[in-house]
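All chains are named by letter (A, B, ...) in the order of the sequence lines, taking the proteins before the strands, and each is independently numbered beginning at 1.
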2 protein chains.
Amino acid sequence: MAANSQFAMAVHILALLALKGETNLKSDTIAQSVNTNPVVIRRILGQLASAHLVESQTGASGGTRLVLPPEKVCLVEVYKAVSCGEVFALPAKQANQDCPVGRSIEAVLCNLQKAIDRSVAEKLGEFSLASVLGMIDIESTAAA
Amino acid sequence: MAANSQFAMAVHILALLALKGETNLKSDTIAQSVNTNPVVIRRILGQLASAHLVESQTGASGGTRLVLPPEKVCLVEVYKAVSCGEVFALPAKQANQDCPVGRSIEAVLCNLQKAIDRSVAEKLGEFSLASVLGMIDIESTAAA
DNA sequence: ATAACTGTAACAAGTATAGTTACAATAGGC
DNA sequence: GCCTATTGTAACTATACTTGTTACAGTTAT
């Protein structure tokens, strides 16, 4: 399967919106930078809009812009907006309840899953969109 | 797609092996507890064997056993043995190199990816197979 | 009115997982 | 040595998710 790269694309999109400030950005313009189809971009923008991270306008000279300044956009919110938030899945089938291990392992795995997912959320919580922009600036300055 | 539950199954398998001690466990016996097909179990056992976490014997009265005592088996090793180790993927297509953001975002996303993956590894490093067994014991005692 | 956007449905292609059958290779028990 | 049990692995199916694409209805500036 194509690995899920929606979070990476979402960060790229938000970085573009942040640098554009108040101006609306068209999905077509974004698609050129991300190097994909505008519909793919609009799908991700739809998820970001549901999370109240961006706002869009339809019609001529429409487009999308950030709702909040980059310092107030945390990557945790971006991650939650575009992913299921689970690093690993629990088995689809229930374990054998006649086996002592099968009976009790599910709760253990579920707690483990929550612990891992929480640590990812905490780490992402350390980054804001503004900090991403800072990393971009450093990179482009170094390259110039 | 069926979500990847190999890590969860691997932990379940290793818990069974740990409780069985020195004795070889057959893939069929394990499959009954996990509630799946023996071949699915053998596939995971193969990955765990490549990571030197378990050893198998072919032939009659063959089976699989742990290489190390449960205290020395860390869940990081299990995770690395059965997964790609990446919480999110980078886009398959390269971003537009003619765009300043496209040109520099990839390195930022790559560093971000490494930071997140590292935090997952660190959190998993806090758990050993023995600690999983401890959680199982607590659960089954509470249920009894 | 017209032209330019978004939102979204529908579909194809590619790919990963889980499950299943089948069978060669191997090793213990008699 | 022969039989039997078990692993390792290939091959195939079904399912489902992601990306990419076309198409089009709805909306808005000019």
Side-chain angles (χ1 to χ4, degrees), chain A residues 1-10 12-13 17 20 23-32 34-51 54-65 81-96, chain B residues 1-10 12-13 17 20 23-32 34-51 54-65 81-96:
Chain A
M1 174 192 43
N4 189 330
S5 60
Q6 287 183 61
F7 174 71
M9 287 195 279
H12 186 158
I13 291 168
L17 292 175
K20 211 60 183 181
T23 323
N24 277 348
L25 258 179
K26 292 182 289 182
S27 64
D28 200 61
T29 308
I30 299 172
Q32 283 176 35
V34 178
N35 194 17
T36 185
N37 191 290
V39 177
V40 172
I41 299 299
R42 292 206 288 273
R43 278 204 282 246
I44 295 173
L45 286 174
Q47 296 179 278
L48 297 176
S50 298
V54 302
E55 274 175 350
S56 294
Q57 276 179 11
T58 60
S61 69
T64 307
R65 64 193 170 288
V82 300
S83 89
C84 70
E86 292 175 356
V87 173
F88 65 88
L90 303 178
K93 280 190 183 173
Q94 192 185 37
N96 185 349
Chain B
M1 175 193 44
N4 189 330
S5 60
Q6 287 184 58
F7 174 70
M9 287 195 278
H12 186 158
I13 292 168
L17 292 177
K20 213 59 184 182
T23 323
N24 278 347
L25 220 53
K26 291 183 289 182
S27 63
D28 200 61
T29 308
I30 298 171
Q32 282 177 36
V34 178
N35 195 19
T36 185
N37 191 292
V39 176
V40 172
I41 300 299
R42 292 206 288 270
R43 279 204 281 247
I44 295 173
L45 286 175
Q47 296 179 276
L48 297 176
S50 297
V54 302
E55 274 175 352
S56 294
Q57 277 178 11
T58 60
S61 69
T64 307
R65 65 195 170 284
V82 300
S83 89
C84 70
E86 291 174 359
V87 173
F88 65 86
L90 302 179
K93 280 190 183 172
Q94 191 184 37
N96 185 349

TODO: Counting heavy atoms from C-beta on, name the nucleotide in D:dT21, C:dA18, C:dA27 closest to the side chain of B:A60.
DONE: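 Per side-chain heavy atoms of B:A60, the pick is C:dA27.
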- [ ] For the side chain of A:S61, starting at C-beta, report the closest nucleotide among C:dG28, C:dT20, D:dA29.
- [x]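 Out of C:dG28, C:dT20, D:dA29, the nucleotide with an atom closest to A:S61's side chain is D:dA29.
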TODO: Map A:P38 and A:Q57 onto DNA chain D by nearest heavy atom, then report which one ends up closer to the 5' terminus.
DONE: A:P38
TODO: Map B:K93 and B:G63 onto DNA chain D by nearest heavy atom, then report which one ends up closer to the 5' terminus.
DONE: B:G63
Rounded off to whole Å, could you give me the [atom1]-to-[atom2] distance for the [X] and [N] pair?
| X | N | atom1 | atom2 | answer |
| --- | --- | --- | --- | --- |
| B:N24 | D:dA5 | CG | C1' | 13 Å |
| B:R42 | D:dA11 | CZ | C1' | 15 Å |
| A:L25 | C:dC5 | CG | P | 12 Å |
| B:R43 | C:dA22 | CZ | P | 16 Å |
| B:K26 | D:dT4 | NZ | P | 16 Å |

Does a side-chain N or O from [X] land closer than 4.0 Å to OP1 or OP2 of [N], or not?
| X | N | answer |
| --- | --- | --- |
| A:S27 | C:dC5 | no |
| A:S5 | D:dT19 | yes |
| B:Q6 | C:dA18 | yes |
| A:T58 | C:dA4 | no |

Open item on the list: Students often get this wrong, so: under 4.0 angstrom with heavy atoms, is B:T36 touching a base, only sugar-phosphate, or nothing?
Closed with: sugar-phosphate
Quick one, [X] and [Y] - any side-chain contact, counting heavy atoms below 4.5 Å?
| X | Y | value |
| --- | --- | --- |
| A:L25 | A:I13 | no |
| A:T29 | A:K20 | no |
| A:T64 | A:L48 | no |

Open item on the list: I'd like to know if the side chain of B:D28 and the backbone of B:P38 have a donor-acceptor N/O pair within less than 3.5 Å.
Closed with: no
